[in-house]
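Counting begins at 1 with the first residue of the sequence.
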Amino acid sequence: MRRQPVLLTIAFVLAAALRPLAAPENVTFLLVVPELPLKLSENTSANLPHSFINRLELRILRSSQEIPPGKIIVRINGEAANTIMRTRTTEYEISCDLDLNYRPGFLLHSGRNAIEASAESIYGRPFYATFVLDVRDEPASLREIQRDVYTSTAGERPPSIHLINPQGPVENVRETPLQGYVEGGFAPVTMTVQGDPVRLRAPSGAAVERGVRPEGADKSYSFSTMVALAIKQDAIEIVATDAHNNRAHLRIPVIQGTRTLSQRWAVVIGVSHYRDNRIPQLQFAAEDAKAIRDFLVNPKGGAVPPEHVLYLTNESATFASIRSALFDFLTKPGPDDLAIVYFAGHGTNDFKKRPDNYYLLGYDTDSDNLGSTAVPMWDLQAAFERTLQANLVTLVDACHGGAIGRAVPNMTNQRWMKAAFGQHRAIITASDVDEVSSEGDQWGGHGVFTYYALQGLKGSADVNHDHKISVGELFDYVRPHVVQATGGAQTPTAQAGLARAIVLAQGASGTTASKTTWLHSAQGGQPR
């Protein structure tokens, strides 16, 4: 009779030993980088030594009885990643394995990478967390060669493409030589350039000595061909495919002069002061907007006709007027026009109700009622895709972590990248993920991003001395100057494609000629 309590005690102790440690009261998500190894608690960041990470594991420290796996959404750098995710459940937690090689577009990149996790319990309670993986293994530029891979079977490695020529963008030529080698993958490996097959050759010993491939590399084949470039071509696409349908993809930027568009339009918005005193006030946001407006309407600057400019600051920059600018005013530019939208102010997520929803704040925004009084980020995407016909360049200074409520890593820049980048559209953000944009007297009473953007547009970015400032030139000027001025605390980022050649200004005495959206969201005090 005495043995039963003893056996029950032993069983209880064994069960307790096998059960994972209980999650802290307010912690739902953990992110694991198995290859390093590294484990992050929610709403934290970590520095990575390189971007060559193949797997991530997201752990949800709740039972699948409380959070159904189907209610879990993971985003990597703004892209929904459930297509590369496999879910495993135990009695006490849910594990989501993310194979970054399984589909194109999910590999980590240089700079800050944002991992977002959201879920909903069976009771309708939302959960949201962010993680920031900071990789600084190479400089970022609109002139970089983009690399991506696709793995048809988890665990396999696609072939690798190594370029010898060119090693950067191709500029102002009608054709260019292409040389390099492909290694790895499952034989036979094939390669296409612009969709046309290219012959792969086993390199000779002499070729190895000249650097065509590393000595000792196996499954390595060289290629050499000439590539003709179309007039409006913005990239050279190279794809290597192995026998298992694993693929490597390279995209070499092609820059052919500049693109000067027809009429120019602008929406310029700056909000330094908010009616809700719980929203931190800004010092120079309205002044930034005024300086941008003054440059744009100057015939020797942006050359935007004054009647083509919608200018809203402080009390006039209400929730309704901002939405009207997006869905009414932006219907006016035609397909061959330029539109400029500059926004200096605050943005935030709705941490009280739906923390995965992000908003831009107008003068009359109520911090307790963001859903009805602030502009949701999905409205921006809808306006740019359905209202706007013209080319688009977006310059974003949207750093609002802790603008109102609790401080969490700032994902607004990721939302901007998703909303504002596409065909004939470019975006430059004033800061990277979870960085704070700065303003101060040391930058002439401006935000640091706006200060250097103005300097670049007025002529400092004209490195080739053609008296034209393109999107690519502006970014390549602004980024290093902002990084240096802030001691590395603020790092502008960009995506462009064909739109990188759009002319924004012609030095100190030219005309702006592209559709540009400048969005500058900031945080109160010295840091925005």
Side-chain angles (χ1 to χ4, degrees), residues 51 77-79 103-111 138-150 158-182 190-198 200 223-241 246-261 384 390-394 417-418 420-429 463-464 468 470-476 479 493-504 514-516:
S51 59
N77 291 325
E79 294 292 334
R103 291 282 187 274
F106 292 103
L107 291 176
L108 303 185
H109 57 70
S110 179
E138 57 185 25
S141 169
L142 291 180
R143 301 168 64 86
E144 285 183 355
I145 296 174
Q146 300 175 19
R147 303 171 185 271
D148 211 342
V149 296
Y150 167 81
S160 298
I161 305 172
H162 303 270
L163 288 177
I164 296 172
N165 181 50
Q167 295 188 348
V170 177
E171 300 188 57
N172 302 319
V173 295
R174 298 301 299 272
E175 65 176 6
T176 185
L178 189 68
Q179 183 185 15
Y181 64 93
V182 178
T190 60
M191 194 178 87
T192 62
V193 176
Q194 298 299 103
D196 295 326
V198 171
L200 295 175
F223 59 87
S224 179
T225 187
M226 293 295 296
V227 181
L229 302 175
I231 293 176
K232 293 186 177 181
Q233 186 171 335
D234 70 330
I236 299 172
E237 307 280 350
I238 307 173
V239 178
T241 307
N246 302 309
R247 294 194 296 272
H249 176 209
L250 260 60
R251 195 169 191 271
I252 305 171
V254 173
I255 301 172
Q256 298 191 27
T258 55
R259 296 175 57 216
T260 299
L261 301 175
F384 294 156
N391 297 267
L392 173 65
V393 178
T394 306
M417 289 288 185
K418 183 70 174 176
F421 177 60
Q423 188 176 19
H424 304 301
R425 296 190 296 181
I427 176 171
I428 301 177
T429 68
V463 294
N464 61 357
K468 298 177 182 179
S470 68
V471 172
E473 286 177 319
L474 180 65
F475 176 67
D476 287 345
R479 179 186 170 93
T493 61
Q495 287 184 308
L498 184 63
R500 64 174 164 263
I502 290 176
V503 174
L504 300 177
S514 145
K515 176 175 183 186
T516 312

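Of the possible polar contacts, none joining the Arg500 side chain to the Phe475 backbone as a donor-acceptor pair under 3.5 Å is found.
Note that CG of Leu163 is 10.0 Å distant from OH of Tyr181, once rounded to the nearest 0.5 Å. Distance check: Ile427 CD1 to Thr493 OG1 gives 7.0 Å after rounding to the nearest 0.5 Å.
Taking each heavy atom of Pro166 and Ile145 in turn, the nearest pair found is O-CD1, 4.2 Å. Taking both residues in full, the closest heavy atoms of Ala240 and Pro159 are given as O-CG, 3.7 Å, listed atom of the first, atom of the second, then distance. Closest non-hydrogen pair, Ala420 versus Thr394, comes out as CB-OG1, 3.2 Å.
Looking only at side-chain heavy atoms (C-beta outward), Leu178 and Ile252 come within less than 4.5 Å of each other. Counting only heavy atoms from C-beta outward, the side chains of Lys418 and Glu79 approach each other to under 4.5 Å. The side-chain heavy atoms of Ile236 and Leu250, taken from C-beta on, include no pair separated by under 4.5 Å. No side-chain heavy atom of Ile428 sits less than 4.5 Å from a side-chain heavy atom of Arg479. Ile164 places none of its side-chain heavy atoms less than 4.5 Å from the side chain of Phe223. Using a 4.5 Å heavy-atom cutoff, the side chains of Glu473 and Val463 are in contact. Inter-residue side-chain proximity for Thr176 and Val254 is flagged as unmet; no heavy-atom pair is nearer than 4.5 Å. Inter-residue side-chain proximity for His162 and Ser160 is flagged as met; some heavy-atom pair is nearer than 4.5 Å.
Looking at Thr241 and Thr190, their side chains never bring a donor and an acceptor atom within 3.5 Å of each other.
Checked against side chain to side chain contact (heavy atoms under 4.5 Å, CB included), Glu237 has the following partners two or more places apart in sequence or in another chain: Gln194, Ala235, His249, Arg251.
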